[in-house]
Amino acid sequence: MKTVIIIPARMASKRFPDKPLALINGVPMIQRVWENAIKSNLGNTYVACSETEVFDLITNLGGTAIMTDPKLPSGTDRVYAALQQIENYQSYEIIINLQGDMPLMNEYDIIKVNEPILKGFDIGTLATNLSIEEESNINITKVKIDWVKDKSLGIAKDFYKNSKGHIDHVYHHVGIYSFTITALSKFVSIPPSVNELNYNLEQWRALDSGLSIGASFVENAPISVDTKEDLIHLESIIKTQQ
């Protein structure tokens, strides 16, 4: 199925301003994400941005960036807005929303997020290991999964942040998504659901509107960068790997 990868990037993060251009071992974060997306060889890759600094970086690297309205409410809206600016965008069957703050997400894990779509789900995502200590961390989004076969494919049934005190069929949710073009169009066209507002999690809009979310398991998926402390931690990981 014809796939496109779109990476939303926004400089105006409240917790970490100018995050896309933050250097990780000398390389801008958004560049690392973009390079890993290209390595997946799934299809054309675009960066959806709202600032000229990101646009200029990606284009100077030989990539394609698309300017979007800085007032868009979410990364998913930014992905859809960028998609609509691509010539013949209706020809794409799968759209991958790869977060711009996941610089260690490797190409193999990016490929795995396509699997749920290929098996008939409306939306695909990833899950990874979760310890009982992490389950109590309200900053970690948890997902409950009913596995269809082993851990290769499952049905996402519940998303939450507050602790429920157990990790039975519960995993650390990894914020990368694949959409059918129909599902993405539907998702951005409907208002936030009651559960989405209560839990402050976009995934509930999909579940409440009847869209199915499939999940693939990846071992020890890397963290996203939400704070400068996360950035320091990632730099230490990269130096260790090197």
Any side-chain heavy atom of [X] sitting closer than 4.5 Å to one from [Y]?
{"X": "V170", "Y": "Y160", "answer": "yes"}
{"X": "L211", "Y": "R205", "answer": "no"}
{"X": "F217", "Y": "W147", "answer": "yes"}
{"X": "L57", "Y": "Q31", "answer": "yes"}
{"X": "F16", "Y": "L231", "answer": "yes"}
{"X": "D230", "Y": "I232", "answer": "no"}
{"X": "M29", "Y": "V225", "answer": "yes"}

Given side chain to side chain contact (heavy atoms under 4.5 Å, CB included), test T180 with I94 step by step and report yes or no.
CA-CA 5 Å; T180 66; I94 301 176; 5.9 Å; no
Going hydrophobic residue to hydrophobic residue with side-chain gaps under 4.5 angstrom, can you get from [X] over to [Y]?
{"X": "M11", "Y": "I30", "value": "yes"}
{"X": "L83", "Y": "F187", "value": "yes"}
{"X": "M105", "Y": "I24", "value": "no"}
{"X": "V218", "Y": "L118", "value": "yes"}
{"X": "V4", "Y": "I7", "value": "no"}

Side-chain donor-acceptor pair under 3.5 Å between [X] and [Y], yes or no?
{"X": "N129", "Y": "E219", "result": "yes"}
{"X": "N162", "Y": "Y199", "result": "no"}
{"X": "S163", "Y": "E135", "result": "yes"}
{"X": "E202", "Y": "T76", "result": "yes"}
{"X": "S212", "Y": "D122", "result": "yes"}

Tell me whether the rings of H173 and F159 are parallel (<30°), tilted (30 to 60°) or perpendicular (>60°).
perpendicular
Does [atom1] in [X] sit with more than 12 non-hydrogen atoms of other residues, nucleotides or ligands closer than 6.0 Å?
{"X": "K144", "atom1": "NZ", "result": "no"}
{"X": "D146", "atom1": "CG", "result": "yes"}
{"X": "Y108", "atom1": "OH", "result": "no"}

Does the side chain to side chain contact (heavy atoms under 4.5 Å, CB included) test come out yes or no for L153 and F121, once each step is laid out?
CA-CA 10 Å; L153 184 67; F121 285 90; 3.9 Å; yes
With a 6.0 Å cut-off on the ring centroids, do W34 and Y46 count as close?
no
Which atom pair, heavy atoms only, marks the closest approach of I190 to S209?
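It is CD1-CB, 3.4 Å.
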Heavy-atom closest contact (G100 atom, V33 atom, distance)
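Here G100 and V33 meet closest at O-CG2, 3.5 Å.
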What verdict does the side chain to side chain contact (heavy atoms under 4.5 Å, CB included) test give for Y177 and I95, after you've listed the backbone C-alpha separation in whole Å, the side-chain angles of each residue and the deciding distance to 0.1 Å?
CA-CA 8 Å; Y177 300 93; I95 299 92; over 6 Å; no
I need the full list of side-chain hydrogen bond (donor to acceptor under 3.5 Å, both in side chains) pairs touching residues 54-71, with sequence neighbours left out, sorted by first then second residue.
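Sorted pair list: T68-R78.
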By salt bridge (charged side-chain N to carboxylate O under 4.0 Å, His left out), which residues pair with K164, not counting sequence neighbours?
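For K164, the residues satisfying salt bridge (charged side-chain N to carboxylate O under 4.0 Å, His left out) (neighbours in sequence not counted) are D158.
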Test S91 against K2 for side chain to side chain contact (heavy atoms under 4.5 Å, CB included), laying out the working first.
CA-CA 7 Å; S91 65; K2 189 176 180 182; 3.0 Å; yes
